[in-house]
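Start at 1 and go down the list; that is how both ligands and their atoms are numbered. We use all heavy atoms of the structure for the numbers below, so side chains are in, but hydrogens, waters and symmetry mates are not.
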Amino acid sequence: MQGVDPAWLPDGVFRPIGTRRTLIRGSGPLVDTVRAEVAQACARFGGAVVRADPDLVLELTGDDGSEAFTYDRRGGCTTVTASGGAGLLYGFFHVVRLAEAAFLGEARRERHRPGLALRMLDHWDNVSVHPVMGQVERGYAGGSLFWQDGRARGDLDRVRAYGRLLAACGINAVAVNNVNVHAAEARLLTDRLPEVADIAGALRLYGIRTHLSVTFAAPVVLGGLETADPLDAEVREWWGGATARVYSEIPDFGGFVVKADSEGQPGPFAYGRTHADGANMLAAALEPHGGTVHWRAFVYDHRQDWRDRSTDRARAAYDHFVPLDGEFADNAVLQVKHGPMDFQVREPVSPLIGAMPGTRLAVELQATQEYTGQQRHVCWLGPMWSEVLRFGIDGESSVGSRAHGGLVAVSDVGDDPFWTGHPLAQANLYTFGRLAWEPAADPDGILDEWIGLTFGDGPAAGVRAVLAGSWRTYEKYTAPLGVGFMVQPGHHYGPSVDGYEYSPWGTYHFADRDGIGVDRSVRSGTGYAGQYAKPWAEVYESLETCPDELLLFFHHVSYGHMLKSGKTVIQHIYDTHFEGVEEVEAGREVWASLAELVDPARHARVAERFEEQLRSAREWRDQVNSYFFRKSGVPDARRRRIY
Ligand code: GCW
């Protein structure tokens, strides 16, 4: 694949293995994948696949489907053993990541197993180019990796290479089409299934199961039935038959992803049924084959009247789903966005995650940077995701430990030569995979790992300086203190403070001449704060204890309100917006200084994106500062330029 960035698997990372003698024991498709990897590395670096006197043993001892492996170092030999093919593959990539260190030192035995069984990427890819959303909805990395010219790619090399990258960071499931299922895409379930099977065949080589987004209306739009009522016998039979046909072509098919009764997608409400009825019908169809339905909890009123202060979009997922706790089938997973709104740069953790102990939940993150700079801005999301995963729902058990249904991210990948448009956005994809494997992992350690693999030692300190604080930098120059949105409607790029203020989407900031923020307290607001377990319900309820960074998410305060930081809200807005732009300027300088140390094409792509990031950050700063200066009349204490 000429011209495609090797991302975190440049040839050089295989040198430590490629110079050694490796013994491989066991058989099966994933062992073949590992064998081919080792052989390729040896061909390049002079080592060998051997039958005796190895430096490295990779051994499959069974066939139980386990993803765990044991890493053992003794007597000058390194051994990886696994009782499932995927475990061996992950053990192999573990050795790749350790590099020389895998072959040094003595007596070490470690057992590795994934913290979460399902580590999944959802692609919002359309088969055909959609007139409004383009081919990849909220995609910032070119066209789809899977679909081209209205059908599955004939040449699947790129898909295989993608599978390899994903396996190397621990991802094991991919949904290959958009959750907004349009006419052509609906048919992937039926007559266009062979195209899905081709993609599944390519991903399978790297231990990845394929999932499909389906439309709830499929029995009507594909099956010619008059209803899609989930309790109707014919409808259930239709789904049973369609699902059985999927499994006859794709025996390891993962299951369905469903966006129902959300932003115009069809769902069970039309038939007076609950979301548990809907999900359970699909779960029943999948159950005999070992599949899972991922049912999304992103259900809210997107046609709200902005004058209506009694409706709070943040409450919606909890209000809809908590009453259904305990009703979902075992193979139905409720997929919850990590925050209550929609992937803003700062949101509290969704209270739903702590409130459904009788339901398998998956937590959904957004790697594609819809609201975080659209892969034109550097924004490494590792610290945000880690905060979410480590958040103690009831003060104790973490989100990561409650996500029994897995961790999902909306993919940021397309057919761009750098995979993610902004080459540094690869760090988000990698970090996602590694956090899904180990939700309590230190994100900075993961960042260092990604930098080491991708760039080697030379530019490491500089790349780290550019990425490490980039999420907080982005937060500084965009919407302040957790209030969110303030983006241009539709495409969501760039500032528009009132862009959504009088819209039906439920995303308001309520700024007036005196103050700003959404009162979500129980005492005087929408009551949303009361959806949390203790201690959070109380922490968020009170102005005294609510953390600064979420203040405007939970409270409406005056511009002169004093933050815990010792600044007023208005001065905080000014200061962070100036600082944010300064930090982008500094990052751009650091990146420029790495020119000699980074591959020229990659360097140039990032440099070009930095110019746009800086332009856009200045626009954000000036619009936000001017808006609040004009509303409040309060001057900047430091008398900087505001328009
Ligand atoms: O964030 C919103 C996006 C939509 C998306 C939706 C969802 C796929 O703007 O483009 O639709 O969320 O998550 O379903």
Side-chain angles (χ1 to χ4, degrees), residues 120-141 144 147 174-186 188 211-216 256-267 275 278-279 293-304 313-314 316-317 320-321 333-347 350 352 362-375 379 381 384 407-414 478-479 484-494 496 499-500 503-507:
M120 178 172 186
L121 288 170
D122 283 4
H123 279 254
W124 287 352
D125 295 16
N126 300 312
V127 175
S128 313
V129 177
H130 184 267
V132 180
M133 285 299 175
Q135 187 173 25
V136 181
E137 179 154 347
R138 312 307 181 184
Y140 313 103
S144 170
W147 314 100
V174 167
V176 295
N177 66 306
N178 189 0
V179 292
N180 291 329
V181 184
H182 308 292
E185 292 75 12
L188 296 174
H211 298 238
L212 205 55
S213 297
V214 295
T215 170
F216 192 78
F256 301 135
V257 180
V258 186
K259 172 176 178 178
D261 291 318
S262 168
E263 300 182 335
Q265 296 296 305
H275 278 241
V293 56
H294 283 252
W295 188 271
R296 294 177 83 233
F298 186 57
V299 177
Y300 70 101
D301 179 4
H302 71 292
R303 297 205 181 97
Q304 158 179 1
R313 172 166 163 184
H320 280 297
F321 286 97
V333 166
L334 189 63
Q335 187 164 311
V336 188
K337 289 192 182 186
H338 68 83
M341 295 295 282
D342 199 3
F343 299 136
Q344 300 305 290
V345 68
R346 176 74 71 171
E347 284 187 42
S350 168
L352 183 57
V363 175
E364 185 179 301
L365 311 172
Q366 196 183 42
T368 194
Q369 291 172 234
E370 176 176 1
Y371 293 102
T372 51
Q374 304 201 347
Q375 282 133 266
C379 187
L381 296 164
M384 173 169 98
L407 194 66
V408 180
V410 184
S411 172
D412 58 354
V413 172
T478 58
F485 289 88
M486 301 191 172
V487 290
Q488 301 253 357
H491 57 68
H492 298 166
Y493 185 74
S496 176
Y500 275 108
S503 81
W505 293 93
T507 53

Determine whether the side chain, the backbone, both or neither of Val410 has a heavy atom under 4.0 Å from any heavy atom of ligand 1.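 No part of Val410 is near ligand 1 at this cut-off.
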Partners meeting side-chain hydrogen bond (donor to acceptor under 3.5 Å, both in side chains) with Thr478 (sequence neighbours left out):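 Expected list: none.
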For [atom], which protein heavy atom lies nearest, and how many Å away is it?
atom: atom 12 (O) of ligand 1; result: Lys337 NZ, 3.1 Å
atom: atom 9 (O) of ligand 1; result: Glu370 OE2, 2.6 Å
atom: atom 10 (O) of ligand 1; result: Glu137 OE2, 2.5 Å
atom: atom 8 (C) of ligand 1; result: Asn180 ND2, 3.3 Å
atom: atom 1 (O) of ligand 1; result: Asp342 OD2, 2.6 Å

Within ligand 1, which atoms have a heavy atom of Arg138 less than 4.0 Å away?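 Matching atoms, with element in brackets: 3 (C), 4 (C), 9 (O), 10 (O).
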Taking only heavy atoms of His492 into account, list the atoms of ligand 1 that are under 4.0 Å away from them. 9 (O)
Quick one: sort the Tyr300 and Phe298 rings into parallel, tilted or perpendicular, breaks at 30° and 60°.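 Tilted, since the angle between the ring planes falls between 30° and 60°.
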Please check if the distance between the ring centroids of Tyr140 and His491 is under 6.0 Å.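 Judged by ring-centre distance (under 6.0 Å), Tyr140 and His491 do not meet the cut-off.
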Under the side-chain contact (heavy atoms from CB on, under 4.5 Å) rule, what do His338 and Phe343 come out as? Steps first, then yes or no, please. CA-CA 7 Å; His338 68 83; Phe343 299 136; 3.8 Å; yes
Enter the distance from Glu364:CD to Met120:CE here, rounded to the nearest 0.5 Å. 9.5 Å
When rounded to the nearest 0.5 angstrom, what is the spacing between OG in Ser496 and CD in Gln488?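 Spacing of OG (Ser496) from CD (Gln488) equals 5.0 Å.
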Minimum non-hydrogen distance to [atom], winning option of [options]:
atom: atom 6 (C) of ligand 1; options: Glu263, Gln344, His302; answer: Glu263
atom: atom 14 (O) of ligand 1; options: Lys259, Glu364, Met133; answer: Lys259
atom: atom 5 (C) of ligand 1; options: Trp124, Phe343, Phe298; answer: Trp124

Check: Gln304 side chain, Arg313 main-chain N or O, donor-acceptor pair, under 3.5 Å: no
Would Glu185 and Asn178 count as having a side-chain donor-acceptor pair, cut-off 3.5 Å?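 Glu185 vs Asn178: no donor-acceptor pair found between side chains.
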Look only at interatomic distance and state if Arg296 has a nitrogen or oxygen under 3.5 Å from any nitrogen or oxygen of ligand 1.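 Checking ligand 1 against Arg296, an N or O pair does fall under 3.5 Å apart.
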